Amino acid sequence: MGDANVIEAKDGNISVAAAFPGHQEAVQDRDHKFLMKAVEEAYKGVECGHGGPFGAVIVQNDEVVVGCHNMVMKYTDPTAHAEVTAVREACKKLNRIDLSDCEIFASCEPCPMCFGAIHLSRIKRLVYGAKAEAAIAIGFDDFIADALRGTGVYQKANLEIKQAEPNHALMAEQVFENTKAKFRMY
């Protein structure tokens, strides 16, 4: 392979992709193409009054599976963020909850809820455009950056979080033990 940069990952996989001339540029061009589609979705969502300026596309084998934008206002649903909506729609379209062969391109750094949806769907790669601070600067929740970066700089939530008393929590814990033989997610 000549002067190739061969990188061995912790899991034993070997990457030689960076060794090919023009690889970085090709990846950047591809990322730009799909990120621009996410940005177009963000504009589309605002223009039709569906929600904030956020867009996402999910890609499988270099083909867009779904393109979505924020639908919070349209559905009167605070969970209808672009990324969550895209995960939901891709799962429906592909008829499965495991999107491990897919990538997501988001116009903005995902909030913790969206990141959770991306993680739980097993999407293999996330590419985002704007940092959370761009959304914060126009009035979106400050906690986005805190949760993603593990900081307390912007934290302002006024939410009490408490686990039920141990004897009351027990019935909720038992649901896992009582259903483990009947339910398998992956």
Side-chain angles (χ1 to χ4, degrees), residues 5 7 9-10 15 17-18 22-91 98-159 161:
N5 291 331
I7 301 168
K10 290 178 185 175
S15 172
H23 173 73
Q24 280 301 105
E25 293 80 16
V27 169
Q28 288 173 354
D29 289 348
R30 180 183 174 280
D31 287 354
H32 177 75
K33 176 177 96 172
F34 292 124
L35 183 60
M36 288 309 303
K37 290 183 181 301
V39 169
E40 289 168 12
E41 282 288 340
Y43 279 115
K44 181 177 162 185
V46 171
E47 288 169 14
C48 59
H50 290 172
F54 303 95
V57 295
I58 293 183
V59 175
Q60 178 189 49
N61 299 324
D62 286 335
E63 296 291 326
V64 173
V65 175
V66 294
C68 297
H69 53 265
N70 184 290
M71 303 287 269
V72 168
M73 303 308 283
K74 179 177 181 177
Y75 294 144
T76 319
D77 177 359
T79 70
H81 291 194
E83 299 91 335
V84 170
T85 302
V87 167
R88 289 174 181 159
E89 293 301 317
C91 287
D98 182 348
L99 302 178
S100 59
D101 59 343
C102 297
E103 301 168 274
I104 188 166
F105 295 81
S107 62
C108 185
E109 187 174 14
C111 76
M113 177 186 67
C114 292
F115 183 79
I118 292 164
H119 174 74
L120 290 172
S121 68
R122 309 287 197 258
I123 289 175
K124 67 180 177 181
R125 185 168 182 257
L126 160 67
V127 176
Y128 68 87
K131 292 187 77 66
E133 285 78 7
I136 292 167
I138 65 165
F140 284 90
D141 263 338
D142 307 15
F143 85 104
I144 296 171
D146 286 340
L148 293 173
R149 299 188 186 112
T151 65
V153 177
Y154 301 107
Q155 204 77 25
K156 71 171 186 180
N158 294 317
L159 171 67
I161 301 173

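Residue numbers count from 1 along this sequence. Please read all numbers here as calculations on a predicted model, not as lab measurements.
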Chemist: So, for A80 and Y75, which heavy atoms are closest and what is the spacing to 0.1 Å?
Modeler: CB-CD1, 4.2 Å

Chemist: If you measure from CD on Q60 to NZ on K124, what distance do you get to the nearest 0.5 Å?
Modeler: 9.0 Å

Chemist: Are D31 and R125 within salt-bridge range, i.e. N to O under 4.0 Å?
Modeler: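 Looking at R125 together with D31, the answer is yes, because their closest N to O distance falls below 4.0 Å.
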
Chemist: So, taking the atom named NZ in K74 and the one named OG1 in T85, what distance separates them when rounded to the nearest 0.5 Å?
Modeler: 10.5 Å

Chemist: Could you tell me which non-hydrogen atom of G67 sits nearest to which non-hydrogen atom of V57, and how far apart they are?
Modeler: CA-CG1, 3.7 Å

Chemist: R88 and T79: side-chain donor and acceptor closer than 3.5 Å?
Modeler: yes

Chemist: Please name the pair of heavy atoms, one in M73 and one in G51, separated by the smallest distance, quoted to 0.1 Å.
Modeler: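 Smallest interatomic distance, heavy atoms only, reads CG-CA, 3.8 Å.
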
Chemist: Could you tell me the separation between the CD1 atom of I123 and the CG atom of L99, rounded to the nearest 0.5 Å?
Modeler: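 The distance works out to 5.0 Å.
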
Chemist: Which atom pair, heavy atoms only, marks the closest approach of I138 to P53?
Modeler: CD1-CG, 4.2 Å

Chemist: Kindly indicate, with the supporting measurements, whether the criterion side-chain contact (heavy atoms from CB on, under 4.5 Å) is fulfilled by I58 and V87.
Modeler: CA-CA 8 Å; I58 293 183; V87 167; 4.2 Å; yes

Chemist: Check this for me, if you would: do R30 and D62 make a salt bridge, where the nitrogen-to-carboxylate-oxygen distance has to be below 4.0 angstrom?
Modeler: yes

Chemist: I need the minimum non-hydrogen distance between E89 and C68, along with the two atoms involved.
Modeler: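 Answer, listing the atom of E89 first, then C68: CG-SG, 4.0 Å.
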
Chemist: Identify the heavy atoms of P110 and E83 that sit nearest to each other, and give their distance.
Modeler: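 Taking P110 first and E83 second, the nearest heavy atoms are CA-OE2, 3.8 Å.
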
Chemist: For the pair S107 (side chain) and V39 (backbone), establish whether a donor and an acceptor sit closer than 3.5 Å, ignoring hydrogens and angles.
Modeler: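 Not at all, since once roles are kept as given, no pair shorter than 3.5 Å links the two residues.
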
Chemist: Determine, stepwise, if the pair V64 / F34 fulfils side-chain contact (heavy atoms from CB on, under 4.5 Å).
Modeler: CA-CA 8 Å; V64 173; F34 292 124; 3.8 Å; yes

Chemist: Can a donor-acceptor pair be found, under 3.5 Å and without considering hydrogens, that links the side chain of E109 to the backbone of A132?
Modeler: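 Checked: pair present.
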
Chemist: Mind checking the CZ-OH spacing from F115 to Y128? Nearest 0.5 Å is all I need.
Modeler: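 Going from CZ on F115 over to OH on Y128, the span is 10.5 Å.
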
Chemist: Got a second to check how far C48's SG is from Y43's OH, nearest 0.5 Å?
Modeler: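 Result: 14.5 Å between the selected atoms.
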
Chemist: Can N70 and H81 be said to form a side-chain contact (heavy atoms from CB on, under 4.5 Å), step by step?
Modeler: CA-CA 5 Å; N70 184 290; H81 291 194; 4.2 Å; yes

Chemist: Between H50 and H69, how do the two ring planes meet: parallel, tilted or perpendicular, split at 30° and 60°?
Modeler: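 Ring orientation of H50 relative to H69: parallel.
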
Chemist: Take L126 and E103, measure what side-chain contact (heavy atoms from CB on, under 4.5 Å) needs, and give me the verdict at the end.
Modeler: CA-CA 6 Å; L126 160 67; E103 301 168 274; over 6 Å; no

Chemist: Once rounded to the nearest 0.5 Å, what's the spacing between atom SG of C108 and atom CD of E133?
Modeler: 9.0 Å

Chemist: Are the side chain of N61 and the backbone N or O of E63 linked by a donor-acceptor pair below 3.5 Å?
Modeler: no

